[in-house]
Protein chains: 2
Amino acid sequence: MSRHHHHHHEGCQRRDAAQLLEQCLQRAKAAGLRRTAALHEVLALLLEACQPLTLADLSADPRLAALADRSTVYRLLVKLEQHALVRRVGLHDRAAYYHIHLPGEHHDYLICEGCGRIERLEQSCPVEALEQTLSAQSGFTNLKHDLTFYGLCPHCSSGSSQPCCDLVH
Amino acid sequence: MSRHHHHHHEGCQRRDAAQLLEQCLQRAKAAGLRRTAALHEVLALLLEACQPLTLADLSADPRLAALADRSTVYRLLVKLEQHALVRRVGLHDRAAYYHIHLPGEHHDYLICEGCGRIERLEQSCPVEALEQTLSAQSGFTNLKHDLTFYGLCPHCSSGSSQPCCDLVH
DNA sequence: ATACATGCAAACATTTTGCTTTGGC
DNA sequence: GCCAAAGCAAAATGTTTGCATGTAT
C-alpha cells in the first residue's frame, strides 16, 4: 500500500466512462492482450482514479482482489506500460505508481510532502514546447516527460499536526 | 547498482571543486552533521558526478567503499536530503537516485530508455514561472519540482543492438 | 563525557520470476 | 488445440532498522 493511502472511491467523473473503457480494451486487444476479467478491472480502476495508483493499491481493491492475484496485476501493468496504455511514474515513494495514458492526454501532479495527497493538475503543461527543441538539439527521439511538483498543502503548511485528509493506516 | 551502470569517473569539471565541497561541508555542519570522512567523500562524489547516483553507485565506489558501510552512506543521504543538501529523484528505476543540491541551482535530466544514459540539461527550466502561479492557485507552499525527459538517444534510436556507452554488467 | 556516527546483520517492502494449470481465441 | 494468462510460491532487489561500538565535538 502506498505510504499515504487514501480512499480512491470517488474517482474522476468522466461522462463517457464506459466508452473510454471500451476504447482502452480495444487498444489492448490491438496490442495483443486477451480480454480477461482482470484486464477489464485494472483498466476500469485506473480510469476511475484521478491519480496514479500503486500495484498494492490496485491489487488490494476488493473489485480486483476478488478476481486476480497480485502477480497477475503486476504482469498486466508491465504489458500495459509496454504498449503505452499506462504510464509508470516515480512520485518519490518506494512503490511505483501507474496511471492510465489516453492518446493525446498528459498530466502533471502536485504532491503534498506532508500528507501524501496527490492532485492532478489541469492546466496545460508548459514543457511541450521545450520537448520539441530538446529533441532537435539532443537527437533523442520518442521524447516523453514527467513533471511533478512537491510542496506542502495549505493544511500541512499551517503546521497543524492533524491529518488533513482521510488517511488510512 | 543501477540498472544501467556507467562509469562516473570524469564528472563535472568545476573549477572551484574544493571550494564547493568546503561550502557543502559548512552547510552540513550548520545542519548539525559531524564532519566525518564518510560525509566528506559522499559530498565529494556527488559534487563530481554530473548526474544523480544511486546508493549502490555511491557505496560501491572504491573511494567510499573503503571507508564507509552502505548503511552509513544510506543514513548520510537521508540526513543530507532532510537538510536539502541533496535531492532524491525517481528516474523510473527501482533504486532511488540522489544528486547534490546547491543553493539556487536546479537541474532537469534527459534519460535514454534504451541504454540508461543520464544527461543533465543545461538550459534553464521553463517551469519556474508556473511554480509561482501554482503556489498562488493551490495554496501549496515550499514548492519544488522534478522534470525529467525520457526518450531514445541517437544511438539507441538507430535500432543498433550494440551498446552505445560503456555499460558494465 | 556525551551524543552522534558507524558496522554488521537482520527485518522489511516491493518487484520479479519459475512453473504448473486455466482459459481466451 | 495452442499460446497467452493466471495462481502460487519462491527468489531477487533495494530500503530500513536494532544494537553494540567507535569517535567527533
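In what follows, every chain begins at residue 1, and chains take the letters A, B, ... in the order their sequences are listed. Only this structure's heavy atoms are used, side chains among them; waters, hydrogens and symmetry mates stay out.
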Whole-Å gap separating C1' (D:dA4) and CG (A:L76): 11 Å
Per-nucleotide protein contact string for nucleotides 19-25 of chain C (B base, S sugar-phosphate only, - none; heavy atom under 4.0 Å): ----BBS
Side chain to side chain donor-acceptor pair (under 3.5 Å) involving B:Q23 - partner list, sequence neighbours excluded: none
Nucleotide C:dA13, atom C1' - distance to OH of A:Y97 in whole Å: 13 Å
With A:Q19 via side chain to side chain donor-acceptor pair (under 3.5 Å) - residues at least two apart: none
Estimated bend of the helix from C:dA1-D:dT25 to C:dC25-D:dG1 (axis per five terminal pairs, rounded to 10 degrees): 40°
Touch class at under 4.0 angstrom, heavy-atom based, for B:L77 against every strand present: nothing
Most 5' of B:S71 and A:D69 on DNA chain D, judged by nearest nucleotide: A:D69
Set of residues satisfying ring pair (Phe, Tyr, Trp, His ring centres under 6.0 Å) with respect to B:Y109, sequence neighbours excluded: B:H99
Closest heavy-atom pair and its distance - B:E48, B:R63: OE2-NH2, 3.0 Å
Under-4.0 Å side-chain N/O to phosphate OP1/OP2 contact, A:T72 with D:dG7: yes
Pairing residues for A:K79 by the salt bridge (Lys or Arg N to Asp or Glu O under 4.0 Å) criterion, not counting sequence neighbours: none
Atom-pair distance (OH on B:Y98; C1' on D:dG14), nearest Å: 10 Å
Nucleic acid contacts of residues 79-89 of chain A, taken as heavy-atom distances under 4.0 Å to DNA chain D: A:K79
Pairs flagged by side-chain hydrogen bond (donor to acceptor under 3.5 Å, both in side chains) wherever residues 127-140 of chain A is involved - sequence neighbours left out: A:E131-A:H145
Side chain to side chain, B:L134 and B:F140, heavy atoms closer than 4.5 Å: no
Phosphate-side-chain proximity, A:Y74 and C:dT16, N/O vs OP1/OP2 below 4.0 Å: yes
Touch class at under 4.0 angstrom, heavy-atom based, for A:L55 against every strand present: sugar-phosphate
Contacts of type ring pair (Phe, Tyr, Trp, His ring centres under 6.0 Å), residue A:Y74, not counting sequence neighbours: none
Flag side-chain contact, heavy atom, 4.5 Å: A:F149 against B:V127: yes
Results of salt bridge (Lys or Arg N to Asp or Glu O under 4.0 Å) for A:E119 - residues two or more places apart only: A:R117
Residues in salt bridge (Lys or Arg N to Asp or Glu O under 4.0 Å) contact with A:R75, at least two apart in sequence or another chain: none
B:A68 or A:R94, whichever maps to the more 5' nucleotide of DNA chain C: B:A68
Distance, rounded to the nearest Å, where A:R70 contributes CZ and C:dT17 contributes C1': 16 Å
Atom-pair distance (CG on A:L39; P on D:dA4), nearest Å: 16 Å
Pairwise salt bridge (charged side-chain N to carboxylate O under 4.0 Å, His left out) hits with a residue in residues 16-27 of chain B, at least two apart: B:E22-B:R35
Length of the line joining A:L64:CG and D:dG7:C1', which is rounded to integer Å: 14 Å
Whole angstrom value for the distance that separates P of D:dA6 from CG of A:L58: 14 Å
